[in-house]
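Since the model is a prediction, treat every value here as computed from it, not as a measurement.
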Amino acid sequence: MAVFAMGWHKPDNVAGSSAPAIMVGLFVATGGLLFGYDTGAINGILAMATFKDDFTTGYKDPEGNPGLYPSQVSMIVAMLSAGTSVGALLSAPVGDLWGRRPSLIAAIGVFCVGAVIQVCATRIAQLVVGRALAGIGVGIVSVLVPLYQSEMAPKWIRGTLVCAYQLSITVGLLAAATVNILTYRLDSAAAYRIPMGLQLIWAVVLALGLLILPETPRYLVKRGLKDAAALSLSRLRRLDITHPALIEELAEIQANHEYELALGPDTYKDVIFGEPHLGRRTLTGCGLQMLQQLTGINFIMYYGTTFFNGAGIDNPFTISLIMQVINMVSTFPGLFVVESWGRRRLLIVGAIGMALSQLLIASFATATGNNNQTTQNQILIIFVAIDIFFFAASWGPVTWVVTSEIYPLKVRAKSMSVSTASNWLLNFGIAFGTPYMVNTSSGAVDLGSRVFFVWGAFCILSIAFVWCMVYETSKISLEQIDEMYERVAHAWNSRSFEPSWSFQQMRDFGFSDSGIPPVEPQLELQPSQGSTSHSDTGGSATSNTTATATTSQEAKVLSQLGPVDFSY
């Protein structure tokens, strides 16, 4: 408990109140409900007999009941991810042009249009269009919510607030599973239209709440609106606009932005080739987002109910509900330790836990074949639950934390949109390809539980990727992360990084672009014949010198300086 308390303890030297920023961050985090609820809803809807009866085009499952072709299931599920990929790419120009907050409101509006089309759909084509539109809104939200949170949050709790976005996704998944289990026995279209329609409620609440929230001070600095940025920061920190701490924080944000622009423009080209080390940061963000999907979590979230049903497990809706409860509850350990453990350690521990769980599932299924089906199902349920625990406590929330922190302000929206788009692109591939991997119909590979060999292998790859590429970004400001990337050559050395200068110093004193203070210009001094050596109390020694000056007065002044240390 001491570790948990330390992770959420406000440092004594932080002025003002963090409560407004925390409340704003937690409210905005509920944008994750939109994606979580939609994912959980379609998971159950696809297994509903009423939905299959209404949308079937003639396909019969092995038991002779109406159903959907694997290609149709793939399209229905994957179109949300296709839309989110487009939305993620649109989020950067929209977020930089309109601002973070207005863009979020517009994205929620697009999501609502897509949700209405889904509720009214009577054919698969209409349903696909609605999911694609909803996906565009979710894609923009998935970039701008963590971006908004990281740009306004105090550094001591920034990671926890961004983790709350993942927590809201799990709450959405749980809410959808609960609604599904209450409606799937209905004999009418209400069985699936009610779960689809309920997602509109929180979307409207979130949009109305965003109308009264402030824009992020870092975005306002980026737009050159210094006074507006000061007012926004004043609301978030509950400090007077003239308070020295507020002035200091705002000045550091401004100086950092000016420094970044001095290193190059803020184009998409600079996302890869810009300084300092933007290519490495973009690769880190894209790699984390892709590997998050390749852990196999969305295979469980999208197809868990149908997979458990196909595996012969009784009450698949109940099992899915239990899995969503585990998913939500397991997010809390990550919230507590993301600051005290750090990002790197939590990601590595989570990947190890997921790899072991999934490889055990696949190994047992391979060893037993079709024999001892009851024990095999018990093993499947137990270790899927353990796998979800490790994902929800680590890769689920921490991936969003790291990708919201590691980019500089000038390209933050662009870099986040590219990395998040890579997440949704893999999400689309997994959503579209999974039915062909595990289905028993013709043309499918029918891996069954052996599909966990694939996800387990990627979890092992994730361990190596985090060790080599992910820098530790906890307990330092977003501006100090730039300095870390300049001074620390290897990610595994980043835990020992200590900031040594500020961007105000860079601006005001003209430090070099490398971030290393220049050597103080040395006077061209020559030792006099009568000079002696002195040592200062700090352990450095200088010679008492006199200049070869033309006047004796200058020599006298210099000789009185004694052992002055000119190092900065």
Side-chain angles (χ1 to χ4, degrees), residues 26-48 51 76-81 83-84 87 104 107-121 127 130-142 144-146 164-184 190-210 297-298 300-306 317 320-331 388 391-392 396-397 400 423-424 427 431:
L26 291 176
F27 178 76
V28 173
T30 59
L33 281 168
L34 305 185
F35 170 62
Y37 185 91
D38 192 286
T39 300
I42 202 65
N43 177 10
I45 287 170
L46 289 173
M48 291 181 182
F51 178 81
I76 291 171
V77 175
M79 281 311 294
L80 180 82
S81 300
T84 52
L104 278 170
I108 294 169
V110 174
F111 173 84
C112 288
V113 172
V116 169
I117 293 174
Q118 290 181 70
V119 173
C120 299
L127 190 62
R131 287 184 61 76
L133 277 176
I136 292 174
V138 168
I140 297 174
V141 168
S142 69
L144 294 184
V145 165
Y165 173 69
Q166 176 65 23
L167 176 62
S168 72
I169 292 177
T170 66
V171 172
L173 287 163
L174 176 59
T178 303
V179 173
N180 284 340
I181 205 170
L182 293 174
T183 64
Y184 82 97
Y192 57 87
R193 296 198 193 281
I194 289 174
M196 288 179 179
L198 288 177
Q199 61 190 327
L200 288 164
I201 295 176
W202 188 252
V204 173
V205 172
L206 183 60
L208 293 175
L210 282 166
I297 189 64
N298 274 339
I300 300 170
M301 298 306 165
Y302 282 132
Y303 298 108
T305 304
T306 52
F317 280 91
S320 291
L321 177 63
I322 293 171
M323 294 301 173
Q324 300 305 345
V325 172
I326 294 171
N327 188 29
M328 187 194 75
V329 173
S330 302
T331 307
I388 290 174
F391 176 86
W400 296 106
N423 178 301
W424 296 122
N427 195 315

Check whether any side-chain heavy atom of L46 lies under 4.5 Å from a side-chain heavy atom of V77, and answer yes or no.
-> yes
Evaluate the side-chain proximity of F35 to N427: yes if any heavy-atom separation is below 4.5 Å, no if none is.
-> yes
Output for pair (L174 CG, T178 OG1), nearest 0.5 Å, gives 4.5 Å
Quick one: does Y37's side chain have a donor or acceptor within less than 3.5 Å of a partner on P195's backbone?
-> yes
Taking C-beta and beyond as the side chain, do S142 and W400 meet within less than 4.5 Å on heavy atoms?
-> yes
Taking the side chain as every heavy atom from C-beta outward, state whether M328 and L173 have any pair of such atoms under 4.5 Å apart.
-> no
Can you tell if the side chain of I42 reaches within under 4.5 Å of the side chain of F51, non-hydrogen atoms only?
-> no
Compare all side-chain heavy atoms of D38 with those of L80 and state whether any distance is below 4.5 angstrom.
-> yes
Where do A115 and A134 come nearest, in terms of heavy atoms and distance?
-> N-CB, 4.5 Å
Under 3.5 Å: donor-acceptor pair, side chain of Q324, backbone of L321 | no
Worked verdict on F27 versus L206 for side chain to side chain contact (heavy atoms under 4.5 Å, CB included) | CA-CA 8 Å; F27 178 76; L206 183 60; 3.8 Å; yes
Are any of the side-chain heavy atoms of Y165 and V28 separated by less than 4.5 Å?
-> no
Within the side chain of N180, is there an N or O that forms a donor-acceptor pair under 3.5 Å with the backbone of G40?
-> yes
Note, F111 side chain near V141 side chain (heavy atom, < 4.5 Å) = no
